[in-house]
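Please read the structure below before turning to the comments.
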Amino acid sequence: MKTGTYGWKSVFAFTFRQTAKSKAFKVSSVIIIVLVFAIALLAGVLPALIGSRSTSDDGGITVDGETLVGTVYFADTTGITTGKDYESFLSGLGVKINDCGKDADIQSLTEKVKDENKSLLIVIRENKIGYDIYASRPGDESVSSGTANSFGETFKSVFDSVRLSRAGLTDEQIAAANKTVSVYQSVAGEPTENDFGFVVKMVLPMLSSLVLFMLIFIYGQMVAQSIAQEKTSKVMELLLTSVRPLAVIIGKILAMGSLALIQFMMIIASGVLGIVVSTPLSSSIIGSSEETGAVTSQLLTEVGNALGGFSPVVIVLIIVVFIVGFIFFALIAGLIGATVSRMEDLNAAMQPMAIIGVLGFYLAYFPSSMGGEANTMALVSYYLPISSPFSIPSALLTGAIDIPQALLAIMVLCVFVVLMALLVARVYEQIILHTGNRLKLGDILGLVKSK
């Protein structure tokens, strides 16, 4: 006896095989892998590139072993340091330092450097609250602003060390005084965060929600397009001679869902690979730069804090949410695809679903970006079927919800999927055989009541 789902395996196998062999799927898979790998790699290397001061043509002291500055004219008007304090560093770079003394004519030196190729003027002055270090470069752009800043930072480090040493501090005390100090803030009783943490907590939910949104809607659109194309080309009539109508939508949803899951796993794998590859690259860029090391370490710490809920159980739950969320939207898409009798009507028919999906995406993203993991909007997004597939994964990753709360939200989503499946099963056979004007929502509800 043929059940209502008879033949779904044949539809699944055919749809999966045809789509997987298509050029569009292969190209999109390659593009996704490359993009995610590049983004993950850049996220790991970028802090090292920002903090690095040793190899950049725009902000380094040397490029390919060649010194970018020939002579440094130096004037410490405070009298705390002299040119000899900087000779050990500059001589190793082949840079000549000309100590002009604390009473040097700064105006004359400025005019001199302005017309002299590959030279710098470093002036240290005392102000009411501390000290200023000025780096003046030539007007011919032979020394970039980045290189001038790099020399200024180097002179600052030496100046601070000498100043503290003459104040009676030991080398250990000077090292302790020069350690990086980070400022954190939070609502009382909640985890602390700084600017890095704020940015990470904004970016991660956005990226995770965006990836899930794109996969679910791209493949949902493909389900609707496949059904509509077969219906309008009369292939559906031939297909229904060997399989049941409900089997068509089940087979296509499972096939597209499997392909979407494969690409989802590709995204995870390429992202992890990018992070793994970025680690040695960051180390090679950092070199001996303590500042860069601090920036990278701080960013990695904040990413680790942001991913406070990361665990194998969380990964499994995210995959489950993705599958269930896809089935929910794919059922809607398949139903929409069956309502049209002409392909040119499909885009108009899909617009309401697109609007609902975008609303769900923003409902999932905005609460976390505004620091409202526990507010009413965020809680609502966990239990609404249009937003929970996008909000639950990022909330699990960032620890905004715990496992029991996530399981409850997934159960609610499953209930909505069952209700949608019952609706589709009730009216799909009549809709798929309909020809003529596109069916509206009122028409579908009328069919439900008449059954």
Side-chain angles (χ1 to χ4, degrees), residues 5 8 12 15-16 29 32 36 204-223 249-272 306-334 353 356-357 360-361 363-365 367-368 373 378-425:
T5 59
W8 73 267
F12 170 85
T15 304
F16 184 92
S29 296
I32 287 173
V36 173
L204 284 179
M206 181 187 69
L207 288 179
S208 61
S209 299
L210 184 60
V211 168
L212 292 171
F213 174 80
M214 291 180 64
L215 283 176
I216 287 175
F217 269 83
I218 288 174
Y219 280 93
Q221 176 81 17
M222 290 173 66
V223 170
I249 190 170
I250 293 175
K252 289 186 178 298
I253 288 175
L254 292 179
M256 294 299 182
S258 299
L259 292 169
L261 183 61
I262 290 173
Q263 285 200 336
F264 184 51
M265 299 305 293
M266 287 180 181
I267 289 173
I268 295 176
S270 57
V272 171
L307 298 178
F310 188 83
S311 69
V313 175
V314 167
I315 296 300
V316 172
L317 288 178
I318 289 175
I319 294 174
V320 171
V321 171
F322 172 76
I323 294 173
V324 178
F326 173 81
I327 292 175
F328 176 78
F329 282 103
L331 283 168
I332 299 175
M353 178 180 166
I356 292 173
F361 168 76
L363 187 60
Y365 168 63
S368 57
E373 292 86 346
L379 289 174
V380 170
S381 72
Y382 301 151
Y383 298 103
L384 276 181
I386 64 171
S387 57
S388 58
F390 315 127
S391 62
I392 295 176
S394 60
L396 280 169
L397 284 175
T398 58
I401 60 174
D402 53 23
I403 301 298
Q405 189 178 4
L407 288 173
L408 177 60
I410 293 172
M411 289 176 61
V412 172
L413 179 59
C414 288
V415 170
F416 279 101
V417 169
V418 171
L419 293 175
M420 182 57 64
L422 291 175
L423 172 64
V424 172

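Side-chain atoms are counted along with the backbone in the values below, which use heavy atoms only and exclude waters and symmetry mates. Counting begins at 1 with the first residue of the sequence.
The minimum heavy-atom distance linking S381 with A364 is given by the pair CB-CA, 4.3 Å. Closest approach of M265 to I319, counting heavy atoms only: SD-CD1, 3.9 Å. The shortest heavy-atom contact between I32 and Q263 is CD1-OE1, 3.5 Å. The shortest heavy-atom contact between G325 and I216 is C-CD1, 4.3 Å. Taking each heavy atom of I318 and F264 in turn, the nearest pair found is CG2-CZ, 3.9 Å.
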Pairs under 3.5 angstrom only: tabulate donor-acceptor contacts from the side chains of residues 399-415 to other protein residues two or more places apart or in another chain.
from: D402; atom 1: OD1; to: Q405; atom 2: N; distance (Å): 3.0

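Between M420 and I327, every side-chain heavy-atom pair lies at or beyond the 4.5 Å cut-off. Side-chain atoms of F326 and I253, non-hydrogen and from C-beta on, do get closer than 4.5 Å to each other. Within the 4.5 Å cutoff, the side chain of L423 has no heavy atoms near those of the L419 side chain. Taking the side chain as every heavy atom from C-beta outward, F328 and P389 never approach each other to under 4.5 Å.
Below 30°, between 30° and 60°, or above 60°: for F329 and F217 the angle between ring planes is between 30° and 60°, a tilted geometry. Ring planes of F213 and F390: perpendicular class, angle over 60° (limits at 30 and 60°).
Annotation for M214: atom CE does not count as buried by contact number, only 12 or fewer foreign heavy atoms lying within 6.0 Å.
When each of S391, S388, S387 is tested with L363 by the rule side chain to side chain contact (heavy atoms under 4.5 Å, CB included), just one qualifies, namely S387. Tested against P393, the residues L317, V314, I315, V321 include a single side chain to side chain contact (heavy atoms under 4.5 Å, CB included) partner, V321.
Annotation: the span from L215 atom CG to I262 atom CD1 amounts to 12.0 Å, rounded to 0.5 Å. Rounding to the nearest 0.5 angstrom, the gap separating the NZ atom in K252 from the CZ atom in F16 is 14.0 Å. Here CD of Q221 is found 8.0 Å from CE of M353. Values are rounded to the nearest 0.5 Å.
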Please walk me through it: do I356 and I332 pass side chain to side chain contact (heavy atoms under 4.5 Å, CB included)? CA-CA 11 Å; I356 292 173; I332 299 175; over 6 Å; no
